[in-house]
Amino acid sequence: MKAKKVKGLDPETPLADNARRIVQTRLDEVHRFTPRALDPRRVEELHDMRIAAKRLRYVLEVTAHCFGPYADTARKRTKELQDVIGEIHDCDVLAPRVDALLSELRSADAQAILQRAGGADDLEPRLATRGPNATRYRGLQALAAWLQARRALLHDRFLELWSRWGRDAVKARLEYALEEHPAVS
Amino acid sequence: MARARDVEGLDPHTPFARAAARAVSVRAEELFEHSADVLDTQDIERVHDMRVATRRLRAVLEIFAPCFPADQHRPVLKDVKRLADALGARRDPDVQLEALDRLAAVVRKVEGPGLEAFAVRLRAEQEAGNETLAAALQEARTGALAERLRALVAAAQRSADEAEAQADEDATALDGDRADTGTGKPGDGDIRVADEEPVTA
């Protein structure tokens, strides 16, 4: 996801003035993907939300000290969000690869069984377990099921975090913090 | 995961360009500190730390982009992204293998061969990822990425120094104008234009 360009940045003006614009833009980007990203089937939107959260987290990492104390709390909350979506993303990447390997092994077995059958009119039932990959299915199926279950569990955790994000008014409180000016030590 | 180092000397009033020079300087240092022994597949945390350092450097390069000369900034950002991609090519199979090992340690014997079949594939990817990373590190060295990052920092620093010198010069000129009017009060010369008498009420 391409980051939205932040307008009005000026190298000669104070860090806080520029950082405020950037944080606000990145915060809006995180919110842009809801409610769509809350649907477990909308994998792309969730992935984009993760990227947006990562951008917000990194800008707060360098600039939170320019604002009120809640900016640092928001940084931590953003990291929590980014971490859980990141783990969901790992499942989303891995699960289709496991399915692809299963399908690949099955096709190779089908080919091998067919060859074993020679020129027979029909396949003998006992050939069903004679594929070279027959012992591999169970582990891969177990892995696929585990990934699916873990994804569901992590998605529930994401929904819980997002609901807490709303309940705790993270967006409004961060926006308020952006207008606060800490004393310069 | 390595915690980001604080960027010392930044306050809300620090000019954006000066903050850019400091932030990029610290994040670039972090990146090269984490590059030691990164090709060692026995210690996968090294790749992780360097990858996170790359992301942080990329982030500050993007945040402070307007503070750098575009013709120097663009190729540096591109090279940092390339390095991040190469680190990802190694990191992804690292993480997947780690998860698979944890699972393999607890599943029944009958499930072992399937997990091993997938692990074989991941190990091959890890090896290929390591080669990609080795090439990217070599490219960063021959392309003098560290030096170009230092040049970016110097350019932002220079532009901040020039802006401050100009602001000082303007303030001195303003003080001179106030002294000429005799009152020295702020705003005394605000509504004058050059070669014009002070406007008095």
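A/R20 does not touch chain B: none of its heavy atoms, backbone or side chain, sits under 4.5 Å away. Neither the backbone nor the side chain of B/A20 comes within less than 4.5 Å of any heavy atom of chain A. Proximity to chain A is absent for every atom of B/V26, based on heavy atoms less than 4.5 angstrom apart. Neither the backbone nor the side chain of A/V6 comes within less than 4.5 Å of any heavy atom in chain B. B/F68 does not touch chain A: none of its heavy atoms, backbone or side chain, sits under 4.5 Å away.
Taking a 6.0 Å sphere around CD of A/Q148, one finds it holds 12 or fewer heavy atoms contributed by other residues, nucleotides or ligands. For B/R5, the CZ atom counts as densely surrounded, since its 6.0 Å shell holds more than 12 non-hydrogen atoms of other residues, nucleotides or ligands.
Residues of residues 104-125 of chain A lying within less than 4.5 angstrom of chain B, judged on heavy atoms, are A/E104 in numerical order. Within residues 97-127 of chain B, the residues having any heavy atom under 4.5 Å from a heavy atom of chain A are, by residue number, B/L100, B/L103, B/R108, B/V110, B/E111, B/P113, B/G114, B/L115, B/A117, B/F118, B/R121, B/L122, B/E125. Residues of residues 129-143 of chain A that come closer than 4.5 Å to chain B, counting heavy atoms only, are A/T135, A/R136, A/R138, A/G139, A/L140, A/A142, A/L143, ordered by residue number. Taking non-hydrogen atoms and a 4.5 Å limit, the residue list of residues 135-144 of chain B in contact with chain A is empty.
Considering CZ of B/F16 and CG of A/D10, their distance stands at 9.0 Å, rounded to 0.5 Å. For the atom pair A/N18 CG and B/I63 CD1, the distance stands at 11.5 Å (nearest 0.5 Å). Put simply, CG on A/L94 and CG on B/D92 are 10.0 Å apart, with the number rounded to the nearest 0.5 Å. Atom CZ of B/R56 sits about 5.5 Å away from atom CZ of A/R57, to the nearest 0.5 Å. Interatomic distance, CG of A/D17 versus NE2 of B/H13, reported as 9.0 Å (0.5 Å rounding). B/R55 contributes atom CZ, which lies 12.0 Å from atom CZ of A/R55 (distance to the nearest 0.5 angstrom).
Residues A/H65 and B/D6 form no side-chain contact, since every pair of their non-hydrogen atoms from C-beta on lies 4.5 Å or further apart. The side-chain heavy atoms of B/F64 and A/L15, taken from C-beta on, include a pair separated by under 4.5 Å.
Nearest heavy-atom pair across B/P66 and A/P11 is O-CG, 3.4 Å.
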(request) Please lay out, stage by stage, how B/Q166 and A/E12 fare under the test side chain to side chain contact (heavy atoms under 4.5 Å, CB included). (result) CA-CA 11 Å; B/Q166 185 62 51; A/E12 291 181 20; over 6 Å; no
